[in-house]
Amino acid sequence: MLTTTRYRISQLAAGTILNTQVKVQGWVRNKRESKNVVFISLNDGSTFHNLQIVGDPDQLGESLMRRINSGASLTVTGLIQASQGKGQKVELAAATIEVDGEANPEIYPLQPKKHSLEYLREIAHLRPRSQTFGAVFRIRHAMIFAVHQFFNNRGFYNIHTPIITGSDAEGAGEMFRVSTLDPINPPLNDEGEIDHSKDFFAKETNLTVSGQLEVEAFAQSMGLVYTFGPTFRAENSNTSRHLAEFWMIEPEMAYYDLKDNMDLAEAFLKDLVNYALLNCQSDLEFLNNRGEQEEQQKPQQQRQELNLLERLKLVSEHQFERIDYTQAFDILRNCKPNKKKKFQFIIEEWGCDLQSEHERYLVEKHFKKPVIIYNYPKKIKAFYMRSNDDDRTVAAMDVLFPGIGEVVGGSQREERLDQLSTRMQEMGISEKDLWWYLDLRKFGSVPHSGFGLGFERLVQFVTGMTNIRDVIPFPRTPGNADF
RNA sequence: UCCUCCUUAGCUCAGUUGGUUAGAGCGGCUGACUGUUAAUCAGUAGGUCCUUGGUUCGAGUCCAAGAGGAGGAGCCA
């Protein structure tokens, strides 16, 4: 039996395949019908572009026509040919149409019109069928692929660090408990506390907040490594850039100092943005136009100076500004908004933490491009960061992007056993629990560095989506774990 | 967790000082139409005004509590 070759719409949209019998399968975006001709916009997710199906209503029959509605799934065969109309290169002259799954137009939640992102969030199982989310998730995939390609090309190994862990990487941050104990009648110890020795792992365990400590063991053996996995934070954060479950990329490099670390972070971010510019053109153009329309709804003051494509090119074509904390502090202390007390937090004393408003000022107003701040005061940073010779700063660095703030946070790690041990005591971190981490400093310790990149924040930047909940398939936030 | 704002038709919203029968656009449905592009034109259906309680002769409108959402802050990635 002769079967027609099945194509994905991405293969046909280019217009190089013509006058060929093809089969396509996908979901109806829209149907436009008149007496003698019907047009169906079909999308199969392979590309932003829809394929225009052209049919003769009489030949297809009234009962079939009734079943073809927005959201229905179709298998269509026919001749692919140059389009008679404008707006698309090719169209498919339908010989046969089969309705695989109907979608009752009276109750199908996605209408052929613009929907708000808030509404689409409520129908997260259907939103990937919309133009915006199709574009976002194709780009998300491209970024995942580009991450692995970048590291593979540079000789890095991908390490899967554990998701269930017994250690708290930074001594801070609320964690999700993992337990199989009876929640109503848990076994108790002599002090009346929950007896975790009876639990599944015979100790208290949580979902990971970072794979860094574990991946350091692999950096100290395989040299160049990275993790790319899910991360969980039980913080009660309700913002457009926090999730309770998100994906993080954490490279860790033996024999890298802080400068090597910054060089890698900058090259990495540029590579990812370039990959998107080269490989996601039609999706980016759509999101760019979408973003510009959104901007026009806003009052002049709140509008962004650059559109999405300009912001991406800004990152890919310009060197990131690099300043140390002390320089950043001086700029901020002497800047107009600080002197006129426009900041909510006035910059006065060296050593204070930089707030969002300060970071935004440096990135968006002062330098107008990505900024890396390094050598932060010791007392505002984590225990594992390497002490500098001045004894008041550590070799930490943050990469700040316009619009989303901190996209990368990293440091050179403290490789000297004595210094690390002292820091842990000062900060009340248990040396007993992290015996193995200290072991890495006892046996063949080497200088090493690494950083963490919040993957969703990167996707936010590349797609221009302003809410992080719109760049992950099914967002988990406080009070929300639907789907 | 804190501050501000919002919740009215399937969706996006309007609704005057508290006053009779709560509106529009889009979407749906019906019909018309010479190839359309979120087609166009005509007609039509569609409401627990977020919930509970209160004030009042009378509440979509005022008050209180709660729920849900958005923006900002903190925590961070």
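Sequence lines set the chain letters: A, B, ... in the order given, protein chains first and strands last, and positions in each chain run from 1.
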Of the nucleotides B:U1, B:C76, B:G28, which one has an atom closest to the side chain of A:Asn238?
-> B:U1
Tell me whether the OP1 or OP2 atom of B:C11 has a side-chain N or O from A:Lys113 closer than 4.0 Å.
-> no
Do we see A:Phe246 stacking on the base of B:A77, given a limit of 5.5 Å between centres and 30° between planes?
-> yes
Residue-phosphate contact under 4.0 Å: A:Ser34 side-chain N/O, B:G35 OP1/OP2 | yes
Quick one: look up who B:U48 pairs with, Watson-Crick or G-U, both distances under 3.5 Å, and put none if it's unpaired.
-> none
In whole angstroms, the gap separating P of B:C33 from CD of A:Glu33 amounts to 12 Å
Tell me which nucleotide among B:G28, B:A38, B:C75 gets nearest to the side chain of A:Glu235.
-> B:C75
Of the listed B:G27, B:C29, B:A77, the closest approach to the A:Asn69 side chain comes from B:C29
A:Arg469 side chain N/O closer than 4.0 Å to the phosphate oxygens (OP1, OP2) of B:A70?
-> yes
Counting only distance, no hydrogens or angles, is the base of B:C76 paired donor-acceptor with the side chain of A:Ser237 under 3.5 Å?
-> no
Find the distance A:Leu117:CG to B:U12:P and express it as a whole number of Å.
-> 11 Å
Under 4.0 Å: is that the gap between some side-chain N or O of A:Arg121 and OP1 or OP2 of B:G68?
-> no
Any side-chain donor-acceptor pair under 3.5 Å between A:Arg290 and A:Thr132?
-> yes
Checking B:A73, B:G35, B:G10 against the side chain of A:Thr239 (C-beta onward), the nearest is B:A73
Watson-Crick/G-U partner (both atom distances under 3.5 Å) of B:C33 = none
Candidate nucleotides B:G35, B:A73, B:A77, ranked by approach to the side chain of A:Gln344 - the nearest = B:A73
Among B:U34, B:A73, B:G74, find the nucleotide with the atom closest to the side chain of A:His242.
-> B:G74
When only distance counts, do a donor and an acceptor, one from the side chain of A:Glu357 and one from the base of B:G72, lie under 3.5 Å apart?
-> no
Minimum-distance nucleotide to A:Tyr119 side chain [options: B:U36, B:G10, B:A77] | B:G10
Report the nucleotide, chosen from B:U36, B:G27, B:G74, that has the shortest atom-to-atom distance to any side-chain atom of A:Arg32.
-> B:U36
Hunt down the Watson-Crick or G-U wobble partner of B:C5, both distances under 3.5 Å, from any strand shown, or write none.
-> B:G69
State which of B:C76, B:U34, B:A70 makes the closest approach to the side chain of A:Glu118.
-> B:A70
Can you find a side chain N or O atom of A:Gln111 that sits less than 4.0 Å from OP1 or OP2 on B:A38?
-> no
Do A:Phe246 and A:Phe232 make the cut of ring centroids closer than 6.0 angstrom?
-> no
Watson-Crick/G-U partner (both atom distances under 3.5 Å) of B:U17 = none
Donor-acceptor pair between A:Gln296 and A:Glu292 side chains, under 3.5 angstrom = no
Pair A:His358 and A:Phe343, ring centroids less than 6.0 Å apart = yes
Would you say a side-chain N or O of A:Arg66 is under 4.0 Å from OP1 or OP2 of B:G28?
-> no
So, is A:Asn467 close to the B:G71 phosphate, meaning a side-chain N or O under 4.0 Å from OP1 or OP2?
-> yes
Any side-chain donor near an acceptor of the partner, A:Thr77 and A:Thr96, under 3.5 Å | yes
Hey, which sits more toward the 5' end of RNA chain B by its nearest nucleotide, A:Glu406 or A:Tyr108?
-> A:Tyr108
Closest to side chain of A:Gln52, choosing from B:C76, B:G35, B:C75 | B:G35
Does atom NZ of A:Lys368 have more than 12 heavy-atom neighbours, drawn from other residues, nucleotides or ligands, at distances under 6.0 Å?
-> no
